[in-house]
Number of protein chains: 2
Amino acid sequence: MAAAAAPAHASPAAEAWDLMAALMQRYGKARFMAAIAELGLSPPQAMALRMLRPEHPVPMSELAGALGCDNSNVTGIVDRLEDRGLVERRSAPHDRRVKMLVVTARGAEVRRRLAERLAAAPEPLARLGEDDQRALRDILRRALELAGER
Amino acid sequence: MAAAAAPAHASPAAEAWDLMAALMQRYGKARFMAAIAELGLSPPQAMALRMLRPEHPVPMSELAGALGCDNSNVTGIVDRLEDRGLVERRSAPHDRRVKMLVVTARGAEVRRRLAERLAAAPEPLARLGEDDQRALRDILRRALELAGER
DNA sequence: TATTGTTATACTCTATAACTATA
DNA sequence: TATAGTTATAGAGTATAACAATA
């Protein structure tokens, strides 16, 4: 099936955005689905494991915020990750309502393997010359800096 | 919550890929979810409507391929789009097993509004100078051309 | 025999609302 | 009263397997 939208972009930035979306759709999504299938994770489980950082416990509600879903969903997602021994719930010292999420050693290993599979640049970027690669990286760094990120 | 992965990239392309993923995650996803909520579409319904092009009927199985899911899922997704009058099933002339999907006038309008909301470049890209915007667009065009796309 | 789309089944994700235990 | 997390519920997406109609 062909691409989604018709051309005629409002600005070079809009066209770049469109091209980035196409790249993510065609390469990023396929790779993500393949990687999580290998590791036996569902998409939200994989996103949760990516968001959680080993050695940095966070409350359930913060994970819900990062995943952009309701707290009640996180209960089930974490249940299944915990069943597989990838994360643990711990009580918070200062507030007994809060449960802190901790990545286990096994979870950290799965998380590392996932990151490894997602890190490599896809073919269209990898094939670019060194100059283009660096220019692309530098422009994107500037974009995110301008927006106050990082 | 902080970003997902640790730094130390294998190449400028790998870092650029990481930055693009961050951009999509932080801006693309939020905008997509807001747009489909306004239009009353679920994520797969919206993806289906994006993939289908008015005036270009395609078989159910081709949509399944474009969505990267099983044929059996498409039955339900299309059922709900058809209930809302956004697409129609038509019989194919040459093979009576096949059903062709057609975007209705109403579906085309919803599809247009969706595309409109997703087309604008997000703030980090829009804030770049003209030179950077054009350079970014040109590099991405080259990347997709090299990979044999478009 | 093989293929297209549907149905049946089971599991996961999703939001909403009601509940608990804390604060 | 308000908040963190759970449970209950209902709707949607997902893959697998079995099926009907057609090729």
Side-chain angles (χ1 to χ4, degrees), chain A residues 1 25 29-30 32-52 57-84 86-102 110, chain B residues 1 29-30 32-52 57-84 86-102:
Chain A
M1 192 165 305
Q25 176 66 28
K29 190 188 172 189
F32 179 74
M33 294 307 288
I36 67 175
E38 266 187 67
L39 297 170
L41 298 168
S42 71
Q45 285 165 20
M47 290 307 294
L49 207 50
R50 271 175 75 74
M51 297 297 185
L52 295 172
V58 297
M60 306 270 292
S61 55
E62 191 173 332
L63 178 57
L67 293 177
C69 69
D70 193 81
N71 280 5
S72 62
N73 297 328
V74 175
T75 297
I77 294 167
V78 168
D79 280 349
R80 289 176 274 275
L81 288 173
E82 200 166 27
D83 286 346
R84 294 190 41 195
L86 304 181
V87 306
E88 277 177 19
R89 276 179 250 236
R90 291 197 194 150
S91 53
H94 55 292
D95 185 337
R96 296 194 347 207
R97 291 173 303 180
V98 173
K99 291 178 188 166
M100 306 297 279
L101 297 173
V102 183
V110 171
Chain B
M1 190 166 307
K29 189 186 171 189
F32 179 75
M33 293 307 289
I36 67 175
E38 266 186 67
L39 298 171
L41 297 168
S42 71
Q45 284 165 21
M47 290 307 294
L49 207 50
R50 270 175 75 72
M51 296 298 185
L52 295 172
V58 296
M60 307 270 292
S61 56
E62 191 172 333
L63 178 58
L67 293 176
C69 70
D70 193 82
N71 280 5
S72 62
N73 296 329
V74 176
T75 298
I77 294 167
V78 168
D79 279 350
R80 289 176 272 278
L81 288 174
E82 200 167 26
D83 286 347
R84 293 189 45 195
L86 305 181
V87 305
E88 276 177 21
R89 276 179 249 236
R90 291 198 193 150
S91 54
H94 54 293
D95 185 337
R96 294 190 356 203
R97 292 173 302 180
V98 174
K99 292 178 188 167
M100 306 298 278
L101 296 174
V102 183

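Worth knowing before you read on, the calculation uses all heavy atoms, side chains too, and leaves out hydrogens, waters and symmetry mates. Numbers restart at 1 for each chain; the letters A, B, ... are given by sequence-line order, proteins then strands.
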Touch class at under 4.0 angstrom, heavy-atom based, for B:Asp95 against every strand present: sugar-phosphate

Interatomic distance where CG belongs to B:Asn73 and C1' belongs to C:dA8 [whole Å]: 13 Å

Distance in angstrom units between A:Leu63 CG and D:dG5 P, rounded: 10 Å

Distance, rounded to the nearest Å, where A:Asp70 contributes CG and C:dC13 contributes P: 14 Å

Among C:dA23, C:dT12, C:dG5, the nucleotide that comes nearest once only the side chain of A:Ser42 is considered: C:dT12

Interatomic distance where CE belongs to A:Met33 and P belongs to D:dA15 [whole Å]: 7 Å

Value in whole Å for how far the P atom of C:dG5 lies from CD of B:Glu82: 13 Å

Sugar-phosphate, base or nothing in reach of B:Ser72, heavy atoms under 4.0 Å: base

Shortest non-hydrogen contact from A:Met100 toward A:Val98: SD-CG1, 3.8 Å

Among C:dA2, C:dT12, C:dT6, the nucleotide that comes nearest once only the side chain of B:Arg97 is considered: C:dA2

Integer-rounded Å distance: C:dA15 P and B:Ile36 CD1: 11 Å

Pairwise side-chain contact, A:Leu81 with A:Leu41, heavy-atom cut-off 4.5 Å (strictly under): yes

Side chain of B:Arg89 - closest among D:dA23, C:dT6, C:dG5: C:dT6

Sugar-phosphate only, base, or nothing, as touched by A:Thr75 at under 4.0 Å among non-hydrogen atoms: base

B:Arg96 vs B:Pro44, nearer the 5' end of DNA chain D by closest nucleotide: B:Pro44

Within 6.0 angstrom of A:Arg89 CZ, more than 12 heavy atoms from elsewhere: yes

Nearest-Å distance for atom pair CD1/P, residues A:Ile77 and D:dG13: 17 Å

Electrostatic pair A:Arg80:A:Glu82 at N-O distance under 4.0 angstrom: no

Salt-bridge present (A:Asp79, A:Arg84; N to O < 4.0 Å): no

Proximal nucleotide (of C:dA15, C:dC13, C:dG5) relative to the A:Arg80 side chain: C:dC13

Nucleotide D:dG5, atom P - distance to CZ of A:Arg90 in whole Å: 15 Å

5' priority, DNA chain C, between A:Leu67 and B:Met60 [closest heavy atom]: B:Met60

